[in-house]
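A short write-up of the structure that comes next.
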2 protein chains.
Amino acid sequence: MNIGEAAARTGLPAKTIRYYEEIRLIRPHRAANGYRSFNERDLHKLSFLARARALGFSIEDCRMLLALYEDETRASADVKRVAEGHLSRIDQKIADLKSMRETLSELVEACAGDHRPDCPILKGLSAEPARMPG
Amino acid sequence: MNIGEAAARTGLPAKTIRYYEEIRLIRPHRAANGYRSFNERDLHKLSFLARARALGFSIEDCRMLLALYEDETRASADVKRVAEGHLSRIDQKIADLKSMRETLSELVEACAGDHRPDCPILKGLSAEPARMPG
DNA sequence: ATGGACCTTCCAGCGCTGGGAAGGTCAAGG
DNA sequence: CCTTGACCTTCCCAGCGCTGGAAGGTCCAT
């Protein structure tokens, strides 16, 4: 099938599929007219990529996971290692965001949000953030 | 002072400071020899930017916040609106990451992580993710 | 005069698309 | 047979927010 149908069936934009081919994640055949030609195997790989990307795996993680997916002799430990690495990166991001959220919401709550110029948010951004007042 | 000292005192890399000038967030003077020359006001703005960026504000948010910071007649409501917008983006990101984390950790926990090829993580990525089995 | 630390500009790249131009190909309809 | 329009192709530019490197100018100490 052509790229349009592959896009429709995997939910990935055609642009993204071309990009995945460019970076050698997939290697669809070419028809005589030069069009990419996708088989069921390609579709599976694309769907796999779509799900892995939706879980936030980097492209390089995806490349590794796809290789393991295709390797019948893999050890599940190898897969698990990749996933655990990603999990800890997610945890780190969540922690960072929560910390930002904490600071920011304190500032927002302290701000009257009216017509006056006095603003704790700007004060907080212009001064070294004071530590817990206690 | 030169860019090196400005970098040391704000904690921002010199490259980043040059970039901020390029996108017109700051406009340091130039000395006769062509070197950028930073005054205290520039330093304050750079520190402000460093803190705003550390809280995850986008460059465009920073541009807006900096303009409000410099405008003595601002309304704190305008600042608050920017901050609240950012706060809700943070909340959305946290929610997304938590959702990823949830799915991923279920898969990781189900994986034996041994020498055998059987792997629930790969299975989960290759099949339509099953909804709660209940 | 020389060395090295500093400064300058410009160019390219990261991951991951998205947008759009310019052009080839195909199937259907007049 | 020719046109229309949907599809496909490649290529290049843009964006985020820097970051790296190359090539070269400036300054200061020795």
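Here is how names work: the chains are called A, B, and so on, in the same order as the sequence lines, proteins then strands, and each is numbered from 1.
- Within the 4.0 Å cut-off from OP1 or OP2 of C:dT9, at least one side-chain nitrogen or oxygen of B:R36 is found.
- In this entry the distance linking CZ of B:F38 with P of C:dC6 reads 15 Å, nearest Å.
- The two atoms that bring A:L55 and B:L107 nearest to each other are CD1-CD1, 4.3 Å, heavy atoms only.
- The separation between B:I17 atom CD1 and C:dT9 atom P is 14 Å, rounded to whole Å.
- Ion pairing of A:R89 with A:E84 is absent here, as no side-chain N (NZ or NE/NH1/NH2) approaches a carboxylate O to less than 4.0 Å.
- A:N2 has its CG atom 10 Å from the P atom of C:dC26, to the nearest Å.
- Distances were taken from every side-chain heavy atom of A:P13 (C-beta onward) to each of C:dC7, D:dG17, C:dG18; the shortest belongs to C:dG18.
- Note: CD (A:E22) to C1' (C:dT17) measures 11 Å, nearest angstrom.
- Under the 4.0 Å criterion applied to side-chain N and carboxylate O atoms, A:E5 and A:R9 are assigned as salt-bridge partners.
- Side-chain atoms of A:Y19 lie closest to C:dT17 of the nucleotides C:dT17, D:dG17, D:dT9.
- The interatomic distance linking B:L46 (CG) with D:dG17 (C1') rounds to 15 Å, in whole Å.
- In this structure, A:I23 places its CD1 atom 8 Å from P of C:dG15, rounding to the nearest Å.
- One finds no side-chain N or O of B:T16 lying less than 4.0 angstrom from the OP1 or OP2 phosphate oxygen of D:dG17.
- Applying the 3.5 Å distance criterion, the base of D:dG25 shares a donor-acceptor pair with the side chain of B:Y35.
- Of all nucleotides listed (C:dT8, D:dG17, D:dT9), D:dG17 comes nearest to the side chain of B:R53.
- The nearest whole Å value for the distance from the CG atom in A:L12 to the P atom in C:dG15 is 18 Å.
- In the set D:dG17, C:dG19, D:dT26, the nucleotide with an atom closest to the side chain of A:K15 is C:dG19.
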Checking B:E21 against B:R18 for the salt bridge (charged side-chain N to carboxylate O under 4.0 Å, His left out) test, could you report, in this order, the C-alpha distance in whole Å, the side-chain angles of both residues, the deciding distance, and whether it holds? CA-CA 5 Å; B:E21 184 193 28; B:R18 291 196 192 96; over 6 Å; no
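- Residue A:R18 has its side chain nearest to D:dT9 when only C:dT9, C:dG19, D:dT9 are considered.
- Here C:dT25 is the nucleotide among C:dT25, C:dC6, C:dT9 with the atom lying nearest to any side-chain atom of A:N33.
- In the model, A:S76 has no side-chain atom that pairs as donor or acceptor with a side-chain atom of B:D118 under 3.5 Å.
- A:Y20 has a side-chain polar atom (N or O) that falls below the 4.0 Å cut-off from OP1 or OP2 of C:dT17.
- For the pair A:E21 CD and D:dC11 P, the interatomic distance rounds to 12 Å; values are reported in whole Å.
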